[in-house]
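Structure first, commentary second.
Every number for a ligand or one of its atoms is a count from 1 in the order of the listing. What you see is a predicted model; the values in this text were computed from it and never measured. Position 1 is the first residue of the sequence, and the numbers go up from there.
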Amino acid sequence: MNSATAIADSPAAWKDTAAEFSMGLRGRLLSAGDDGYDAARRVWNGMIDRKPRHILCCSGAADVVQAINFARDHGLDLSVRGGGHNVSGNAVTDGGLMIDLSPMRGIRVEPAKKVARVEGGCTWRDFDKEAQAFGLATTGGVIPSTGVAGLTLGGGLGWLMRKHGLSCDNLLSADVVTADGRLIQARADEHADLFWALRGGGGNFGVVTSFEFRLHPVGHVLGGMVAYPLDEARAVLTFLRDFWLSTPDNLTIIPAFVTTPDSAKILAVCVCFSGPLADGEKLLRPLRNFDTPVADSIAAMPYVQLQAMLEPGFPPGLRNYWKSSFLTGLGDEAIEILVAGYHKVPSSFSAIAIEQLGGSLSRVAEEATAFSHRRAACNLLILGMWPDRDGDAAQVGWVRDLWQAMQPHVSGGVYVNYLGQSGDEGADRVRAAYGGNFERLLEVKRKYDSDNVFRLNQNIDPANTESWTCPKQ
Ligand code: FAD
């Protein structure tokens with residue numbers, strides 16, 4: 001009889017075991033019925049409704065070590081929550097032990113060295129607030145409630161990526177608790193293989209209790225959006241795909257099909273220019289003068305204000321189903337499909353975003369970090385978001401149909417952080433997320449987590465022996 005069976009067979013004995021475990025902790029151990037249990041098991045995607053046997057709200061690395069040892073010794077599934085934003089809901093296990101890092105929010109900025117050490121439960125709001133107090137920032141997600149941890153471990157796309165690289169390109173070191181319960185530091189000259197894998201390989205290798213980042217001076221940016229009616233989206237995107245070929249690294253553009261609060265479908269071209277503001281004004285003039293926008297909010301603003309701009313469009317608790325793929329470019333036919341697709345959108349919350357890539361992030365070698373999609377021109381993200389369970393079939397159907405229609409125009413790659421639940425995506429999509437770096441990631445996984453203790457993620461199974469041909473990226 002294995003220990004997992006013993007747990008199920010003997011609830012009374014388990015109660016004692018759990019009580020003993022909780023005595024050695026600094027953080028709170030929650031079980032069903034405890035105050036705070038339901039709030040702690042909730043994540044950003046309202047479709048996720050899982051019930052861990054226990055949730056450990058960690059106070060520090062020692063709690064994480066103890067939790068990993070406990071889960072391993074008792075055959076419990078383990079999940080790790082940073083910011084709780086991942087749409088797959090992998091931060092929450094059904095029946096196992098959830099490591100909740102959200103109480104671990106310490107940040108130490110060293111302005112003179114332009115570095116910051118950030119604990120594993122921080123959000124980008126936490127990080128930006130502390131770093132901007134010193135006029136500093138690093139590339140982070142465009143919605144401030146997203147976790148630093150999950151986002152960085154998958155790569156990290158954001159407004160500053162074309163200028164300063166991905167979030168993971170700015171990672172200097174990470175404190176990691178490994179599957180055998182050791183706390184080690186991964187950096188370029190120590191556990192270099194692990195450090196490589198953490199920069200794009202997701203949560204496969206251990207629990208990162210803190211990250212050290214390189215910071216950059218970031219003052220006011222020129223940011224906001226210029227919006228067009230959906231009927232003009234074709235012309236605007238056709239203009240944009242040429243316009244952004246010649247833009248410098250300090251400008252990032254994200255056009256998005258969205259619905260306004262008064263139910264108008266529009267193409268909102270969101271921008272961030274980080275550099276001398278007069279240069280930005282000049283650079284953005286052709287875009288702002290193109291045709292007749294229905295709105296133009298582009299202005300000089302603090303970086304944190306731009307970071308907050310899109311947040312109202314992403315309320316927590318909505319039901320979410322996303323599909324994503326990198327694009328090789330934006331041809332006429334792809335534009336037609338996207339415009340026609342948004343005409344049919346069944347929810348006013350749903351959106352389609354096209355994230356401009358290129359710039360600094362594309363000049364890093366594909367094998368330099370585990371993130372391997374550096375040559376893609378842009379990333380397509382189809383976001384199904386709606387409030388009620390009744391809408392599930394129509395909303396999921398819309399996302400799938402549109403993504404299917406776009407298949408002739410996508411590269412073979414997908415961003416690991418936008419993947420949904422593995423049962424829905426399938427093993428090939430997970431592999432496509434790791435692209436040409438998959439085999440090397442598999443080696444690192446076998447070295448640091450041969451028993452696949454960290455399997456509730458976009459998983460690299462150490463027992464995998466199937467050969468696979470990486471599709472064109
Ligand atoms: P969680 O759900 O807490 O964690 C996701 C997974 O990461 C976990 O299952 C675990 O495997 C792993 N993990 C988390 N913390 C740790 C840790 N400390 N140690 C080890 N493993 C850990 N991505 C971008 O790149 N750019 C964006 O601008 C962006 N915007 C987004 C906006 C919204 C509204 C949402 C919902 C997502 C966005 N994303 C973006 C995707 C985002 O990068 C992923 O959802 C990411 O996983 C979120 O990290 P988290 O810590 O909040 O997630």
Side-chain angles (χ1 to χ4, degrees), residues 42-46 48 50 58 61 64 68 78-93 98-102 104 118-127 139-161 166-168 174-179 186 194 197-198 200-211 252 254 256 270 272 307 309-318 320-322 324 349 351 353 355 357 361 371 373 379 381 383 385 415-422 449 453-460:
R42 224 162 274 141
V43 285
W44 183 82
N45 183 357
I48 309 300
R50 300 195 189 129
C58 295
V64 176
I68 291 173
L78 197 63
S79 71
V80 184
R81 183 198 195 278
H85 255 224
N86 199 282
V87 79
S88 71
N90 281 332
V92 200
T93 156
M98 174 177 172
I99 293 184
D100 178 7
L101 298 173
S102 58
M104 291 173 56
V118 177
E119 279 194 303
C122 286
T123 63
W124 286 101
R125 190 189 325 280
D126 302 330
F127 189 162
T139 305
V142 302
I143 306 292
S145 51
T146 309
V148 171
L151 184 138
T152 302
L153 294 170
L157 314 178
W159 290 122
L160 303 178
M161 65 186 159
L166 302 171
S167 307
C168 73
D175 287 352
V176 189
V177 184
T178 52
L194 178 60
L198 292 175
N204 272 285
F205 306 96
V207 179
V208 180
T209 53
S210 80
F211 299 81
T252 300
I254 305 181
C270 308
C272 171
Q307 283 289 79
M309 175 177 77
L310 300 176
E311 195 167 29
F314 292 88
L318 288 179
N320 273 263
Y321 181 85
W322 298 7
S324 173
F349 292 100
E355 295 163 313
L357 302 173
L361 79 93
F371 181 92
H373 309 284
N379 187 51
L381 178 55
L383 305 114
M385 298 192 268
Y415 179 31
V416 70
N417 277 349
Y418 291 159
L419 279 175
Q421 300 186 39
S422 50
D449 184 18
V453 170
F454 304 110
R455 56 181 171 271
L456 211 55
N457 44 46
Q458 303 302 345
N459 195 230
I460 298 164

of all protein heavy atoms, closest to atom 47 (O) of ligand 1 is N86 ND2, 2.8 Å
Quick one: which ligand 1 atoms are inside 4.0 Å of a heavy atom on V142? 27 (C), 28 (O)
Do the side chains of Q421 and I48 get nearer than 4.5 Å, heavy atoms only? yes
Between G201 and N204, which heavy-atom pair has the shortest distance, and what is it? O-ND2, 3.1 Å
Looking at atom 14 (C) of ligand 1, what's its closest protein heavy atom, distance included? G82 N, 3.7 Å
Quick one: does V80 get a heavy atom under 4.0 Å from ligand 1? yes
Could you walk me through whether L357 and M161 pass the side chain to side chain contact (heavy atoms under 4.5 Å, CB included) test, one step at a time? CA-CA 8 Å; L357 302 173; M161 65 186 159; 3.9 Å; yes
Show which atoms of ligand 1 fall inside a sub-4.0 Å distance from at least one heavy-atom site of R81. 3 (O)
One should read off an interatomic distance between L361 CG and L157 CG, to the nearest 0.5 angstrom, of 7.5 Å
Near N417 (heavy-atom distance under 4.0 Å), the atoms of ligand 1 are 41 (C), 43 (O), 44 (C), 45 (O), 47 (O)
Could you tell me which atoms of ligand 1, counted from 1 in the order shown, lie closer than 4.0 angstrom to a heavy atom of Y415? 23 (N), 24 (C), 25 (O)
Contact check: G83 vs ligand 1, nitrogen or oxygen atoms, below 3.5 angstrom: yes
So how far is it from R455 CZ to S422 OG, rounded to the nearest 0.5 Å? 12.0 Å
Out of L151, V92, V416, indicate the one that has the non-hydrogen atom closest to atom 46 (C) of ligand 1. L151
Does a side-chain heavy-atom distance below 4.5 Å link L383 with W322? yes
Pick from T123, T146, L153, V87: the one approaching atom 21 (N) of ligand 1 most closely through a non-hydrogen atom: L153
Which residue and heavy atom of the protein sit nearest atom 53 (O) of ligand 1, plus the separation: H85 N, 3.4 Å
Smallest separation among heavy atoms of F371 and G154, with atom names: CD1-O, 3.5 Å
Tell me: protein heavy atom nearest atom 27 (C) of ligand 1, and distance? L157 O, 3.5 Å
Select the closest option to atom 1 (P) of ligand 1 among G84, G141, G150, judged by heavy-atom distance. G84
Nearest-neighbour protein heavy atom for atom 19 (N) of ligand 1, which is reported as residue plus atom name and distance: V208 N, 2.9 Å
Which class fits the ring pair F127 and W124: parallel under 30°, tilted 30 to 60°, perpendicular over 60°? parallel
So which bit of F454 gets within less than 4.0 Å of ligand 1, heavy atoms only: side chain, backbone, both or neither? neither
Step-by-step side chain to side chain contact (heavy atoms under 4.5 Å, CB included) determination, L153 to N457: CA-CA 11 Å; L153 294 170; N457 44 46; over 6 Å; no
The protein heavy atom nearest to atom 39 (N) of ligand 1 is Y418 CE2, 3.7 Å
At what distance is the nearest protein heavy atom to atom 15 (N) of ligand 1, and which residue and atom is it? A149 CB, 3.3 Å
What are the atoms of ligand 1, with element, lying closer than 4.0 Å to any heavy atom of G203? 11 (O), 21 (N)
Residue and atom name of the nearest protein heavy atom (relative to atom 20 (C) of ligand 1), distance in Å to one decimal: G206 O, 3.1 Å
Point-to-point distance, once rounded to the nearest 0.5 Å, from CD1 of I143 to NE2 of H85: 8.0 Å
If we set the cut-off at 4.0 Å for heavy atoms, which region of L101 has an atom near ligand 1: side chain, backbone, both, or neither? side chain
So the atoms of ligand 1 within less than 4.0 Å of a heavy atom of N457 turn out to be 11 (O)
Atom 37 (C) of ligand 1: of F211, F205, W322, the nearest heavy atom sits on W322
Identify, with sequence neighbours excluded, every residue that meets salt bridge (Lys or Arg N to Asp or Glu O under 4.0 Å) alongside R125. E311
Residue L456 vicinity, atoms of ligand 1 by number, heavy atom under 4.0 Å: 9 (O), 11 (O)
Quick one: which ligand 1 atoms are inside 4.0 Å of a heavy atom on G156? 25 (O)
Output all residues satisfying side-chain hydrogen bond (donor to acceptor under 3.5 Å, both in side chains) with D175, sequence neighbours left out; order by chain, then residue number. Q185, S210
CD1/I254 to CD/E355 distance, rounded to the nearest 0.5 angstrom? 5.0 Å
Got F211 and C122 here, is their nearest side-chain heavy-atom distance under 4.5 Å? no
Quick one: which of L166, I143, L318, V207 has a heavy atom closest to atom 32 (C) of ligand 1? I143
Is there a side-chain contact between I68 and L78 (heavy atoms, below 4.5 Å)? yes
